[in-house]
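Written below as structure tokens is the structure these notes are about.
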Amino acid sequence: MAKGKAKTVYEYDDDHYLIEFRDDITAFDSVKHDIVGGKGYYNCQISAKLFEILEENGIKTHFVKLLEPNKMLVKKVEIIPLEVIVRNIATGSIVRNYPFKEGMVFERPIVMLDYKDDAYHDPLMNDDMILAMGLVNEEELKQIKEIALKVNDVLKGYFESIGILLPDFKIEIGKDKEGNLLVADEISPDSCRLWDAKTKKSLDKDNYRFDKGDVLAGYKEVYRRMFG
Ligand code: 5GP
């Protein structure tokens, strides 16, 4: 059993884990932590559906099926400790750390790979650093970037069809026993920026991070548009 900040991962059998989505919400390396009743359910349901949509579009993921409303069965993978971030619109840390104007729409998406380690505050890596640390090999690095862009195309198109913009998101990639790279972890309003296309209002974790509004109401709205 491994308890993360918002999810708990249980051994299920030789080839599978069970992931429980909890109601915990954290930000800024857990400096902020609260419980939001119902969040685990919404994130699990939203994640499951997004994994299914990726699979339908030929992208391999760790998702197998939902076992309970807030628990999913997934294939066992070894998570590569990189946060694979794709950006379509400038907001968040890219605006704080680089001279991009809030709201700038990127002509081509920007892929950024952060080292997943709270102790170092998830620093941005370049290819040479990733290879020097032996996190992946060159071929895997190329594949990770290709997966990131394909996931972006699929998710961006899907969210646009339900009136939601996808300024950016983070995915994690895992490696199975055979060495295949699968999209793993979760894809939810915890890990994606999702804006109402008309009002540009956040429907994601930024409402919690920056006290911008009712975080659960945003997640419920995303769920409502996805499930009708
Ligand atoms: P930023 O670097 O602007 O803070 O985040 C870019 C995107 O990656 C956002 O969609 C954000 O939700 C996601 N992201 C970055 N780091 C983390 C993280 O540590 N946890 C989660 N859940 N999402 C992250």
Side-chain angles (χ1 to χ4, degrees), residues 2-9 19-36 39-40 42-44 46-47 50-51 62 72 79-106 109-126 144-145 147-149 151-152 154-156 158-160 164-174 183-196 200-213 215-216 218-219 222:
K3 194 169 178 186
K5 286 180 272 190
K7 302 188 293 299
T8 308
V9 179
I19 303 185
E20 177 191 12
F21 287 68
R22 307 196 315 272
D23 289 341
D24 297 73
I25 189 164
T26 69
F28 311 118
D29 301 334
S30 300
V31 169
K32 247 181 126 170
H33 177 214
D34 287 279
I35 304 287
V36 174
K39 172 194 170 261
Y42 289 108
N43 271 2
C44 185
I46 290 169
S47 243
L50 294 175
F51 281 133
H62 71 159
M72 63 169 69
I79 297 284
I80 296 165
L82 288 172
E83 300 204 325
V84 180
I85 295 170
V86 184
R87 300 178 187 272
N88 297 302
I89 302 175
T91 190
S93 71
I94 201 168
V95 169
R96 288 197 301 277
N97 300 332
Y98 301 89
F100 288 111
K101 262 197 151 162
E102 174 79 30
M104 175 186 174
V105 178
F106 299 125
I110 294 176
V111 178
M112 295 169 83
L113 304 175
D114 288 359
Y115 181 48
K116 189 176 151 68
D117 189 332
D118 281 358
Y120 292 95
H121 307 292
D122 300 342
L124 176 65
M125 304 280 277
N126 71 22
I144 288 171
K145 290 180 188 175
I147 293 169
L149 291 173
V151 169
N152 184 51
V154 173
L155 292 185
K156 191 166 169 274
Y158 169 69
F159 278 120
E160 275 169 12
I164 292 175
L165 298 178
L166 178 66
D168 54 40
F169 65 88
K170 182 264 301 182
I171 52 171
E172 294 184 20
I173 307 282
V183 181
D185 192 52
E186 70 180 295
I187 310 176
S188 73
D190 268 19
S191 57
C192 302
R193 286 203 169 91
L194 301 168
W195 294 353
D196 179 276
K200 307 276 195 311
K201 275 206 176 129
S202 295
L203 302 170
D204 56 58
K205 197 162 108 175
D206 274 357
N207 283 320
Y208 175 73
R209 292 188 184 103
F210 305 114
D211 297 312
K212 291 190 342 179
V215 67
L216 192 66
Y219 288 36
V222 173

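Side chains are part of it too, since the values below use all heavy atoms of this structure and drop only hydrogens, waters and symmetry mates. Both ligands and their constituent atoms are indexed starting at 1 by order of listing.
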Which of these, [options], has its nearest heavy atom closest to [atom]?
atom                    : options                      : result
atom 10 (O) of ligand 1 : Val95, Ile85, Leu124, Asp168 : Asp168
atom 12 (O) of ligand 1 : Lys170, Met112, Arg209       : Arg209
atom 1 (P) of ligand 1  : Cys192, Ser93, Gly92         : Ser93

Note to self: Heavy-atom pairs closer than 4.0 Å: do any link ligand 1 to the side chain of Asp114, the backbone, both, or neither?
What the structure shows: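 Near ligand 1, Asp114 shows nothing, with every heavy atom at 4.0 Å or more.
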With heavy atoms and a 4.0 Å threshold, my read on which part of Arg87 contacts ligand 1 is side chain
In terms of heavy-atom contacts, does NZ of Lys32 have more than 12 from other residues, nucleotides or ligands at under 6.0 Å?
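More than 12 heavy atoms, drawn from other residues, nucleotides or ligands, come within 6.0 Å of this atom.
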Next on the checklist: Counting neighbours of OH on Tyr120 that are heavy atoms of other residues, nucleotides or ligands and sit closer than 6.0 Å, is the number greater than 12?
Outcome noted: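 No, not enclosed.
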Practice task
Report yes if some N/O of Asp190 lies less than 3.5 Å from some N/O of ligand 1; otherwise report no.
Solution key: yes
N or O pair under 3.5 Å between Glu83 and ligand 1:
yes
Only heavy atoms of Asp122, strictly under 4.0 Å: list the atoms of ligand 1 that pass.
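Counting from 1, the qualifying ligand atoms are 19 (O).
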For Ser191, atoms of ligand 1 separated by under 4.0 Å from a heavy atom =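 Once the distances to Ser191 are compared, the set is 10 (O), 12 (O), 13 (C), 22 (N), 23 (N).
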Is it true that [X] and [Y] have a side-chain N and a carboxylate O under 4.0 angstrom from each other?
X      : Y      : value
Asp168 : Arg193 : yes
Lys5   : Asp24  : no
Lys7   : Glu20  : no

- [ ] Report the residue from Asn43, Leu216, Val36 that forms a side chain to side chain contact (heavy atoms under 4.5 Å, CB included) with Ile25.
- [x]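 The side chain to side chain contact (heavy atoms under 4.5 Å, CB included) with Ile25 is passed solely by Val36 among Asn43, Leu216, Val36.
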heavy-atom search around atom 5 (O) of ligand 1 in the protein gives Arg193 NH1, 3.6 Å
Check your understanding: Does the separation of the ring centres of Tyr42 and Phe21 fall below 6.0 angstrom?
Key ->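 No, they do not, as the ring centres are separated by 6.0 Å or more.
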